[in-house]
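I have placed the structure first, in the form of structure tokens, so that the comments after it can refer back to it.
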Amino acid sequence: MKKIIFTEKAPAPIGPYNQAVLSGNTLYASGQIAINPASGELITENINDETKQVMENIAAILDAAGMTFENVVKATIFIMDMNNFAAINTIYGSYFNEKTAPARETVQVACLPKNVNVEISIIAVQ
């Protein structure tokens with residue numbers, strides 16, 4: 001059994017997928033990019049603001065599912081340029097307790113939707 005998670009506080013899906021799916025006690029959140037859900041504006045002027053918007057979108061989805069970043073057990077970060085890793089990692093890390101941070105991989109890719117610089121997806125457990 002699955003429950004679709006949707007919140008207007010995160011960007012609406014732009015294809016045949018949902019923001020997140022709750023299956024049992026596990027939340028699978030789709031990759032988030034830096035779209036401001038209030039304005040629809042894409043935030044790509046600098047990597048810090050872009051990463052913060054991505055993390056805020058994830059926070060909104062977690063909240064809609066009754067969870068927080070403490071529930072995240074796995075994260076995947078896709079980046080266009082590994083030279084941005086340190087900046088992305090700093091912003092990303094500020095949302096987690098280092099001692100209970102999730103498992104994670106970070107990979108550089110050739111292209112991301114809307115030519116953004118970073119996309120992050122998560123799995124969380126209640």
Side-chain angles (χ1 to χ4, degrees):
M1 194 117 191
K2 66 181 183 180
K3 177 182 177 186
I4 303 303
I5 302 298
F6 176 81
T7 177
E8 291 184 4
K9 295 179 181 178
I14 54 175
Y17 63 92
N18 288 290
Q19 290 171 333
V21 174
L22 184 64
S23 179
N25 65 346
T26 304
L27 181 74
Y28 301 89
S30 295
Q32 293 298 302
I33 61 174
I35 295 175
N36 178 319
S39 67
E41 175 187 356
L42 189 59
I43 312 295
T44 58
E45 294 81 39
N46 71 67
I47 197 62
N48 291 331
D49 290 346
E50 185 172 354
T51 305
K52 182 172 174 40
Q53 184 64 60
V54 169
M55 296 303 289
E56 289 299 311
N57 293 344
I58 293 170
I61 292 168
L62 286 165
D63 185 60
M67 298 187 197
T68 69
F69 282 101
E70 281 297 312
N71 295 98
V72 176
V73 296
K74 181 74 164 62
T76 302
I77 303 175
F78 302 97
I79 60 178
M80 289 284 292
D81 183 351
M82 199 55 82
N83 291 318
N84 287 328
F85 176 80
I88 292 167
N89 196 51
T90 297
I91 301 297
Y92 168 92
S94 71
Y95 285 80
F96 293 99
N97 174 337
E98 191 171 325
K99 292 182 180 185
T100 60
R104 179 186 90 185
E105 65 267 329
T106 303
V107 294
Q108 181 173 313
V109 296
C111 190
L112 287 167
K114 298 189 175 279
N115 294 313
V116 298
N117 298 297
V118 60
E119 179 176 3
I120 302 174
S121 64
I122 58 100
I123 299 171
V125 177
Q126 291 176 321

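Values in this document were obtained by computation on a predicted structure and should not be read as measured data.
- The shortest side-chain heavy-atom distance between M82 and N84 does not fall under the 4.5 Å cut-off.
- Between I120 and Y92, some side-chain heavy-atom pair lies under the 4.5 Å cut-off.
- Contact annotation: the side chain of E50 approaches that of V116 to within less than 4.5 Å [non-hydrogen atoms, C-beta and beyond].
- At least one side-chain heavy atom of E70 sits under 4.5 Å from a side-chain heavy atom of T100.
- In this structure, V118 is not a member of the same hydrophobic cluster as I33, with clusters built from ILVMFWY side-chain heavy atoms closer than 4.5 Å.
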Next item on the list: For D49 and Q53, run side chain to side chain donor-acceptor pair (under 3.5 Å): C-alpha distance rounded to whole Å, both residues' side-chain angles, the deciding distance at 0.1 Å, then the answer.
Entry: CA-CA 6 Å; D49 290 346; Q53 184 64 60; over 6 Å; no
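- Within a 6.0 Å sphere centred on NZ of K9, other residues, nucleotides and ligands contribute 12 heavy atoms or fewer.
- For the atom pair CD (E41) and CD1 (I35), the distance works out to 10.5 Å, reported to the nearest 0.5 Å.
- For N48 and N46, the side-chain atoms include no donor-acceptor pair closer than 3.5 Å.
- Side chains of M55 and F96 form a contact here, defined as non-hydrogen atoms less than 4.5 Å apart.
- Between A10 and P37, the shortest heavy-atom distance links the atoms C-CB, 3.5 Å.
- In the hydrophobic cluster analysis, where Ile, Leu, Val, Met, Phe, Trp and Tyr join through side-chain heavy atoms closer than 4.5 angstrom, F85 is grouped together with V54.
- Applying side chain to side chain contact (heavy atoms under 4.5 Å, CB included) to T76 and the options E105, R104, E119 leaves one that passes, E105.
- Residues V72 and P102 share a closest heavy-atom pair of O-CB, 3.4 Å.
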Next item on the list: Let me see the working for T26 and I123 under side-chain contact (heavy atoms from CB on, under 4.5 Å), right down to the final yes or no.
Entry: CA-CA 7 Å; T26 304; I123 299 171; 3.7 Å; yes
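- One finds the OG1 atom of T44 at 9.5 Å from the CG atom of N115 (value rounded to the nearest 0.5 Å).
- Using a 4.5 Å cut-off between side-chain heavy atoms of Ile, Leu, Val, Met, Phe, Trp and Tyr, with links allowed through other members, L42 and L112 fall into the same hydrophobic cluster.
- To the nearest 0.5 Å, atoms OG (S94) and CZ (F69) are separated by 8.5 Å.
- Across all non-hydrogen atoms, the minimal contact from N57 to Q32 is CB-OE1, 3.5 Å.
- Here M67 contributes atom CE and L22 contributes atom CG; the two are 5.0 Å apart, rounded to the nearest 0.5 Å.
- By the 4.5 Å heavy-atom criterion applied to side chains, T68 and L62 are not counted as neighbours.
- Contact of the I79 side chain with the V107 side chain is not registered, since no non-hydrogen atoms from C-beta on lie closer than 4.5 Å.
- Atom OH of Y28 is separated from atom CG of N18 by 15.0 Å, given to the nearest 0.5 angstrom.
- Checking side-chain atoms of Q19 against main-chain N and O of T7 turns up a donor-acceptor pair under 3.5 Å.
- Around CD of E8, the count of heavy atoms belonging to other residues, nucleotides or ligands within 6.0 Å does not exceed 12.
- Residues I61 and A29 approach most closely at CG2-CB, 4.3 Å, considering heavy atoms.
- For the pair Y95/K52, a side-chain contact is recorded, criterion being any heavy-atom separation below 4.5 Å from C-beta on.
- The structure places CD1 of I77 at 4.0 Å from OG1 of T106, a figure rounded to the nearest 0.5 Å.
- Connection of I91 to I47 is established within a shared hydrophobic cluster, with ILVMFWY side chains joined at heavy-atom distances below 4.5 Å, either directly or through further cluster members.
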